[in-house]
Amino acid sequence: MAGFAETFPRSSEEEWCKLVERALEGRPFESLISTTFEGLNIAPLYQRPATEASHAPRQKPGAWKISQRMDHPEPETANQMARADLDGGADALTLTISQSIAARGFGVQIASERDLNAALAGIELDRIALRVDAGARALELAPSFVSLAENRRLTSAALDVDFGHDPIGEFARSGVLPNDFARGLRETHALLRAAGFAGHLLLADGRPYHEAGAGEAQELACVLATGVAYLRLLEAEGLSLEEARAEIAFLLTADADELLSLAKFRALRRLWARVESACGLAPKPLRVHAETAFRMMTRHDPWVNILRATMGVFAAGVGGADAVTVLPFTLALGLPDDFARRIARNTQLILIHESNLARVADPAAGAGSFEALTDALCARAWSLFQGFEARGGMLKSLQAGIPQREIGAAAAARRQAIANRTLPITGTSAFPFLAEAPVHVLAPSPVAAKESFAAQDCVRLPARRDAEPYEKLRAAADEKFRNTGERPKIFLGHLGEPQGFAAASAFAKNFFAAAGMEAFGDDGLGTPLAAAESFRASGCKFVCICAPKTVSTQHLIEFAARLRDAGAARIYLVGREPGEATTAMLEIEVKELICTHRDALAILQELAAMAGIARLED
């Protein structure tokens, strides 16, 4: 090794930064630092930690649980699908009950104990883990589970059922405060423990906050404050702190940002251990569920959802989740079929058994970037958590609107990045494919009814998918195509030789396809006169100029004037940055620049309104 060091001398960070700045051609090294939507900095380089990092172990050693979602409305059919999933490699289930928000318009319809028996027939509850996703009905279903266990003579402490009762999360989603948060908690706890259930009654769920646009630290702070609120609630009901913490599980979302998602899962364990220590408890591994983010899923080019889910599973699994639920890639379109369910299951099987990701307890431990991100998330989340506590806890903070304001700021920054396409959505705002074939689902998603809450006790958190604004535009254009056989069109006015305008033309086609518009043009006839005549013959009302940057402003002025005379109702220009083309725009009456960092969504919404296919958003 000595010879190696002499051949390749160690460089300092300062020397490395100088080399980087030289490659950046004058830009400072700090330009490589990115910022999350809640203000955390992510550097391009991190030093190895000087001290040994604490690990983030699961409750049980080995691989995380592959939890498959049950959501078919008919209990018997849901049962058949679940048994096929278990035969295919899943070792846990997520029983999603109808009318819960997580059901996305579907969910198993459980109206009686008979329905529950039918949904779980032939499933050995003492050999798998089960998470119940029932929303406000979680406590209501507990006696039916006890009766089912007694009828099957399942009395061992191996009945691993997490009931997912999250009244604070339901309050955040609905804005309506239940009459009594604590009603039935002590009785349900005693009933389940006497029947041999060893799972958790309460769930500090991050999904309401993530789907409202929360950043990673904000989601952590909300679930941490919720967990502490449940500790107090159970203690007030007469349970010891030791008993209370055994009733609380956590759920975090796992999205396609693998670095931050992975660090988020690691951070939760550290944060909860700090809470336990403050309570005088010796820290123990907590139960952490993960679910791939519904916020990141798209209706168009849904195959990309498989890749997004894969990154989420990777982050959650390596970050130490105990059980991971993958949302099937067609869930935004409707009720997933067997194929979509198999892909969801196999994604985890491949990562566990072929990629061997579960063989190391905490693979990110000691890596400078992950340790720094974990520390930063812990610090920011703890600061937010302290703010919630200073207001009297999570419940009172929600009533005062504090988490809503924090999340709203991050969500607004996220929406702006999506509109500008600095946060591109593959298949929707970036590289959309207008001729994509339909994907099969068992039933299409029902049209969401407008919710109204007459007497809200807090500002409720909205639930949004990132792709929705673009999908609304695309849906209007698709409807026109179904009715008339033609899409709304925009003409591409090419100047110069094809090799000169090809990049600008491809950029424009992708840009307008995000709104479902078909871009077409001539072969590049070279002259403004010929291109303008081609536009006139097309019968189109809208035109986008695609020209090499070498084309002079005078040529652009001449071309725009001819297009205007040829009947162009709206003229766009692609490939010019605002600074260099603002004056020219005014001269040639170009309405909008089409380039990176522009508000693509606003431009497309206005164009769709002019084309008569969509109403301009307020």
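Remember, predicted model here, so these are calculated numbers, not experimental data.
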ask   = Can we say E219 and R295 salt-bridge, meaning some charged N sits less than 4.0 Å from an Asp/Glu carboxylate O?
value = no
query = Any Lys/Arg nitrogen of D85 or R342 sitting under 4.0 Å from an Asp/Glu carboxylate oxygen of the other?
reply = no
Parallel, tilted or perpendicular: rings of H494 and F501 (30°, 60°) = parallel
key: side chain to side chain donor-acceptor pair (under 3.5 Å) evaluation trace for H289 with T325   = CA-CA 8 Å; H289 294 279; T325 303; over 6 Å; no
message = Assess whether a salt bridge exists between E436 and R474, defined as any Lys/Arg side-chain N lying under 4.0 Å from an Asp/Glu carboxylate O.
response = yes
ask   = Which residue, R487, K489, K509, forms the salt bridge (Lys or Arg N to Asp or Glu O under 4.0 Å) with E518?
value = K489
inquiry  = Can you give me the closest heavy-atom contact between R460 and R173, atom names plus distance?
reply    = CB-O, 3.3 Å
For R414, all residues meeting side-chain hydrogen bond (donor to acceptor under 3.5 Å, both in side chains), sequence neighbours excluded = D466
query = Taking NZ, NE, NH1 and NH2 as the nitrogens, is one of them in R207 or D166 under 4.0 Å from a carboxylate oxygen of the other?
reply = no
key: Side-chain ion pair, E558 and R562, N-O less than 4.0 Å   = yes
remark   = What one should report as the nearest heavy-atom pair of H210 and A293 is CE1-CB, 3.5 Å
ask   = Got a donor-acceptor contact below 3.5 angstrom from the Q404 side chain to the V459 backbone?
value = yes
ask   = Does atom CZ of F520 have more than 12 heavy-atom neighbours, drawn from other residues, nucleotides or ligands, at distances under 6.0 Å?
value = yes
